[in-house]
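These notes concern the structure reproduced below.
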Amino acid sequence: MSISLDKNIVIGITGGIAVYKSLSLIRLFKIAHCEVKVVATRNALKFITPLTIETLSQNVLYTDTFQRSEAFSVNHIAHSDWASAVIVAPATANIIGKMANGIADDALSTLLMACRKPIFIAPAMNNAMYEHPALQQNIETLVRRGIHLIKPATGFLACNAEGKGRMEEPERIFENVASYFLAPRPLQGRHALVSAGPTHEPIDPVRFIGNHSSGLMGFALAQKLAEAGAEVTLVSGPVSLSTPENGNITRIDVTTAAQMHKACRQYAARADIIVMAAAVADYTPETAEQEKIKKNTDNWQLSLTKTTDILRELGKQKTDHQIIMGFALETENEIEHAKAKLQSKNADFIVLNSLKEAGAGFIAATNKVTVFTREGAIIEIPLKSKTEIAYDLVQLICERCNCAKN
Ligand code: CTP
């Protein structure tokens, strides 16, 4: 028996031999009671005809940014507004490169850039192309932005080689998209406040005190919380990350600890979940000089004052329904310090990062953490990507939310 998805699906087709599978994909969505619109690149149409696509999708094919439609609309905006999800299958190295680098030079890439809906990509290419560092880096960028990757399979490729790069079968692509829509949203209706990244404390107009935090962990947490259905406010220090593409995330950019404090205080009261992943400066210069400080003396003393510990302050105001997760970064007596922070910051969870582990910590894309819970449990999460760690941490939050409900 087929499932009824009842969604508006845009299928983006790019030029690769795997386009023959896209036709089955259109059929699968139609059988699942979806409306399907197809956007194809010019190269895709070297492999299949518009007539085939239009017959299967029962909709007009969109292939040219300047194509005139019967009712006036700006096509790339209208399509992305209409879509419940966009699926690029096959996704060539070219479209992946364009998406990762913000190039919008045809109908599909322009639509993808305008799109704020869930996007799925199913890469299809030769194994050497798939393994190329440029392609891998582009995929990493897209995944970090919240785009859903449907990994290619390993097998016989059109170029007669064996390897990874075969577009996943249409049935698996359909299942991926369907399970996204049918997945439970345990945090639906909850609001989450997440802090991320470093803070920069100005010394003078050209210098600041900062730290190495990349913001990766906080952004991954915001993404996973949003995917679990929460409405997320992401308060971010200065980072070079783009906001995960999920309509449930509102980002507020701040620079200093004082600004981060102000923003967090503003959103904390309505938050059911508070995750403080930012590496907030503990001290800030007493005064930020208006003019650049000149090197006139051999010694220079900078006078610092303590910043507000945001986590501690929010912990003091914690209500019964709130769940608070804090982080700790220690270089010695890690367990003792992490446990002390649970108490002193009134948190439900403290996630301990160890700087001593290879592949873990501030800058790495991977992490290895130990979670300490209010009840005294200690949970080790082995080395994996920050996105995967974020997923595990959000599972812990979900479990606790269910406890809070009963
Ligand atoms: N934190 C915060 N505001 C601050 C300092 C820290 O919200 N001004 C939060 C961080 O986001 C993190 C946790 O507190 O979740 C732990 O930060 P950490 O720097 O490890 O610990 P501190 O409490 O600052 O203590 P210390 O530096 O002495 O270890």
Side-chain angles (χ1 to χ4, degrees), residues 192-202 208-222 225 232-239 241 252-269 271 273-286 304-318 322-357 360-363 367-374 381 386 389-390 393-394 396-397:
L193 169 66
V194 178
S195 74
T199 64
H200 287 178
E201 309 302 318
F208 61 82
I209 299 174
N211 60 65
H212 292 302
S213 171
S214 62
L216 282 173
M217 195 67 235
F219 274 58
L221 278 156
L225 285 163
V232 180
T233 303
L234 171 62
V235 178
S236 173
V239 292
L241 297 175
I252 295 164
D253 285 309
V254 297
T255 305
T256 64
Q259 290 166 357
M260 187 170 275
H261 175 213
K262 192 171 165 217
C264 287
R265 200 171 45 189
Q266 190 182 340
Y267 292 97
I273 299 154
I274 295 175
V275 178
M276 294 286 105
V280 190
D282 288 327
Y283 292 90
T284 189
E286 221 159 51
L304 302 173
T305 52
K306 225 178 190 168
T307 58
T308 305
D309 186 327
I310 306 167
L311 176 59
R312 186 188 295 256
E313 194 190 274
L314 302 187
K316 276 190 205 148
Q317 291 152 14
K318 179 179 183 320
Q322 275 180 333
I323 294 170
I324 299 190
M325 177 176 274
F327 280 74
L329 183 74
E330 308 290 345
T331 53
E332 51 177 1
N333 302 332
E334 300 176 321
I335 297 177
E336 237 170 80
H337 283 138
K339 284 184 175 169
K341 277 178 192 171
L342 255 182
Q343 295 249 319
S344 67
K345 306 208 184 197
N346 194 21
D348 297 288
F349 301 102
I350 287 290
V351 182
L352 172 69
N353 288 288
S354 176
L355 265 188
K356 289 177 185 160
E357 299 284 346
F362 261 2
I363 309 163
N367 208 359
K368 176 176 185 293
V369 300
T370 310
V371 186
F372 296 79
T373 75
R374 182 183 283 277
I381 303 185
K386 286 187 175 169
I389 299 250
L393 295 176
V394 170
L396 292 176
I397 291 172

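Throughout, numbering of the chain's residues begins at 1 and tracks the sequence. Keep in mind the model is a prediction, meaning the values are calculated, not measured. Whatever order the structure lists ligands and atoms in, that order sets their numbers, starting from 1.
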Using a strict 4.0 Å cut-off to heavy atoms of [X], name the atoms of ligand 1 that fall inside it.
| X | answer |
| --- | --- |
| M276 | 11 (O), 12 (C), 15 (O) |
| G326 | 15 (O) |
| T307 | 8 (N) |

Could you tell me the residue and atom name of the protein heavy atom closest to [atom], and the distance to it rounded to 0.1 Å?
| atom | result |
| --- | --- |
| atom 14 (O) of ligand 1 | K345 NZ, 2.8 Å |
| atom 4 (C) of ligand 1 | V280 CB, 3.5 Å |
| atom 1 (N) of ligand 1 | D309 OD1, 3.7 Å |
| atom 11 (O) of ligand 1 | A278 O, 2.6 Å |
| atom 8 (N) of ligand 1 | T308 O, 2.9 Å |
| atom 29 (O) of ligand 1 | K341 NZ, 3.0 Å |
| atom 3 (N) of ligand 1 | I310 N, 3.0 Å |
| atom 17 (O) of ligand 1 | F327 O, 3.7 Å |

Given 3.5 Å as the limit, does a donor-acceptor pair link the side chain of H261 with the main chain of A257, or not?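 Such a contact is absent between H261 side chain and A257 backbone.
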
Is a side-chain donor or acceptor of S214 paired with a backbone partner of L216 at a separation under 3.5 angstrom?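 Flag set: sc S214 to bb L216 pair under 3.5 Å.
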
Can you confirm whether more than 12 heavy atoms, excluding those of Q343, are under 6.0 Å from its CD atom? no

If you scan the protein for heavy atoms around atom 23 (O) of ligand 1, do you find one that is closer than 4.0 Å?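 Yes, there is a protein heavy atom closer to it than 4.0 Å.
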
Are K339 and E334 ion-paired here, with the side-chain N under 4.0 Å from a carboxylate O?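 Salt bridge: no.
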
Under 4.0 Å between a Lys/Arg side-chain N and an Asp/Glu carboxylate O for D309 and K345?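 Yes.
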
Nearest heavy atom to atom 7 (O) of ligand 1 wins, so pick from L311, T199, D282.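 Result: the heavy atom closest to atom 7 (O) of ligand 1 is in L311.
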
Does the side-chain contact (heavy atoms from CB on, under 4.5 Å) test come out yes or no for M217 and I389, once each step is laid out? CA-CA 8 Å; M217 195 67 235; I389 299 250; 3.7 Å; yes

Consider ligand 1: state whether an atom of it lies below 4.0 angstrom from any non-hydrogen atom of A257. no

Exercise: do N346 and R374 side chains pair donor with acceptor under 3.5 Å: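 Note: N346 and R374 side chains meet the donor-acceptor criterion.
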
How far apart are the C-alpha atoms of Y267 and I252, what are their side-chain angles, what is the distance that settles it, and do they pass the side-chain contact (heavy atoms from CB on, under 4.5 Å) test? CA-CA 11 Å; Y267 292 97; I252 295 164; 3.1 Å; yes

Please report the closest heavy-atom contact between P238 and T255, naming both atoms and the distance.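 Heavy-atom minimum between the residues: CD-O, 3.9 Å.
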
